[in-house]
2 protein chains.
Amino acid sequence: MSRWEPNARGRLEQAALDLYRERGFDQTTVTEIAERAGLTERTFFRYFTDKREVLFWGQERLRELYVRTIETAPESTAPIDTVVLALEAAVPVFHERRELARQRQAVIDANPGLQERELLKRAALAAAVTEALRKRGVADPVASLAADVGVIAFKTAFARWVNSPDEPDLSQLIREALDQLKAITRDDR
Amino acid sequence: MSRWEPNARGRLEQAALDLYRERGFDQTTVTEIAERAGLTERTFFRYFTDKREVLFWGQERLRELYVRTIETAPESTAPIDTVVLALEAAVPVFHERRELARQRQAVIDANPGLQERELLKRAALAAAVTEALRKRGVADPVASLAADVGVIAFKTAFARWVNSPDEPDLSQLIREALDQLKAITRDDR
DNA sequence: CAGGTGATGTCAGTTCCTGTTATCACTATA
DNA sequence: TATAGTGATAACAGGAACTGACATCACCTG
């Protein structure tokens with residue numbers, strides 16, 4: 001038998017999510033999270049830089065997927081379509097864990113501090129996408145604008161997807177959001 | 001002579017900005033800020049909810065200006081153009097204090113925690129704009145998408161404006177960013 | 001089997017932030 | 001003009017988030 005139970009990080013993540021849901025983020029202490037995971041406060045801070053980060057650790061995986069998808073997209077693809085390709089490549093990640101996504105989002109929506117962190121993570125993803133586009137030779141203002149537009153489309157689609165009673169296709173919603181966005185920016189008054 | 005020096009809030013703002021610039025945000029303690037302003041740590045927290053907020057207090061003014069401008073815009077104006085009207089109405093606010101904006105932005109750019117707060121404030125502005133559009137009868141996904149597009153255009157323009165050696169017109173830059181954004185979302189591959 | 005390694009625990013300390021109560025100049029009113 | 005507010009501030013105590021330093025101890029490696 002090993003000295004330590006395996007998967008300390010996972011246990012901490014689970015304990016944190018559970019507690020945040022049970023009594024709210026502010027009313028949960030890091031010591032409590034660690035205790036429930038059978039660990040120490042100090043150990044929590046070895047795995048996560050702060051109390052919020054525990055809900056956002058998965059974003060790293062997403063970033064890699066986005067960047068890889070953009071790198072391998074056909075050369076001729078337009079910037080905005082490259083971004084959409086990346087967003088769609090990540091859709092299964094969400095479909096696989098819809099319930100988890102729902103719970104997590106409910107916690108975030110209930111706390112401004114967590115919303116801040118979510119926005120920062122989103123911005124980091126946009127920056128990674130921008131950088132990946134630049135490497136494909138997309139010029140500078142275009143690259144970041146395309147990334148930002150993609151983020152908006154995803155955000156809009158995700159907000160609808162995560163709380164619908166039925167289970168719509170996230171890709172579909174992304175495309176719809178993008179179409180509406182295109183309609184808005186068109187000069188037809 | 002009055003018991004207290006006037007403009008406690010302003011003194012705290014100034015002291016905070018100075019110290020954040022001198023030694024960085026993390027290396028500055030709230031007690032130090034208060035001392036420099038001739039006040040107490042406790043008093044700092046009466047004026048500002050937290051250590052970051054001191055840099056963002058002005059946003060409230062901006063929000064009001066945006067909302068008012070949208071409320072008084074001609075009925076026939078398209079959503080995206082209504083948003084641009086609001087953004088342009090606020091341009092003088094920035095032109096008036098370019099140096100302050102520059103210093104403030106440099107501090108924010110050097111600290112992730114401050115970037116989080118900036119993103120949250122930006123999201124709050126977008127939400128206010130969305131709400132103002134809804135009150136004009138703009139349907140739901142369109143209102144928030146138009147607000148978000150406006151925010152992106154402004155962000156892009158501001159980033160260029162705040163650090164250019166010459167003094168370009170912010171309105172001009174906003175329109176340019178929006179034009180590029182329109183080009184990106186157009187279906188011409 | 002000695003010594004290194006890595007995950008964890010222990011402990012002490014700083015800073016952010018909050019609640020509570022006390023001052024005290026100024027103001028309104030009797 | 002005495003008195004009772006009122007509002008901005010100070011003083012103090014305390015909780016919780018985080019950090020640094022060092023100890024422990026199962027496991028691995030030669």
Open item on the list: Of the listed nucleotides (dC18(D), dA8(D), dC17(C)), which one gets closest to any side-chain atom of Tyr47(B)?
Closed with: dA8(D)
Task: Nucleotide nearest Arg46(A) when distance is taken to its side chain, options dT19(D), dA11(D), dC22(D) - done: dC22(D)
Open item on the list: Do Val149(B) and Leu178(B) have side chains that approach each other closer than 4.5 Å (heavy atoms only, starting at C-beta)?
Closed with: yes
TODO: Could you state the atom-to-atom distance from CG of Asp50(B) to P of dT15(C) in whole Å?
DONE: 17 Å
Open item on the list: Assigning hydrophobic clusters by single linkage (Ile, Leu, Val, Met, Phe, Trp, Tyr; side-chain heavy-atom cutoff under 4.5 Å), is Phe158(A) placed with Val129(A)?
Closed with: yes
- [ ] Measure the distance from CZ on Arg52(A) to P on dC16(C) and round it to the nearest whole Å.
- [x] 14 Å
Task: Atom-to-atom span, CZ of Arg42(A) to P of dT8(C) - whole angstrom - done: 12 Å
Open item on the list: At 4.0 Å (heavy atoms only), tell me whether Phe44(B) reaches a base, stays on the sugar-phosphate, or touches nothing.
Closed with: nothing
- [ ] Give a yes/no on whether any side-chain N or O of Thr40(B) is located under 4.0 angstrom from OP1 or OP2 of dT9(D).
- [x] no
Task: Test item: side-chain donor near acceptor, Gln14(B) and Asp18(B), under 3.5 Å - done: yes
Open item on the list: Within the 4.0 Å heavy-atom criterion, would you say Phe48(A) contacts the bases, only the backbone, or no part of the nucleic acid?
Closed with: nothing
TODO: Please answer whether the main-chain N or O of Phe25(B) pairs with a side-chain N or O of Lys51(B) as donor and acceptor at a distance below 3.5 Å.
DONE: yes
Task: Between dT15(C) (P) and Phe45(B) (CZ): distance, integer Å - done: 12 Å
TODO: Taking only the side-chain nitrogens and oxygens of Thr43(B), find out if one of them lies under 4.0 Å from OP1 or OP2 of dA10(D).
DONE: yes
Open item on the list: Please report the distance, rounded to the nearest Å, between CD in Glu53(B) and C1' in dC17(C).
Closed with: 14 Å
Open item on the list: Under the rule for salt bridge (charged side-chain N to carboxylate O under 4.0 Å, His left out), what residues qualify as partners of Glu71(B), not counting sequence neighbours?
Closed with: none
Task: Pair Phe94(B) + Phe154(B): ring centers closer than 6.0 Å - done: yes
TODO: Taking all heavy atoms of Ala143(A) and all of Arg134(A), pick out the closest pair and write down the distance.
DONE: CB-CG, 4.0 Å
- [ ] Starting from the 5' end of DNA chain D, give me the residue, Gly38(B) or Glu41(A), whose nearest nucleotide shows up first.
- [x] Gly38(B)
Open item on the list: Below 4.0 angstrom, which residues in residues 7-37 of chain A have at least one non-hydrogen atom near DNA chain D?
Closed with: Thr28(A), Thr29(A), Val30(A)
- [ ] Write down the distance between CG (Leu39(A)) and P (dG6(C)), rounded to a whole number of angstrom.
- [x] 19 Å
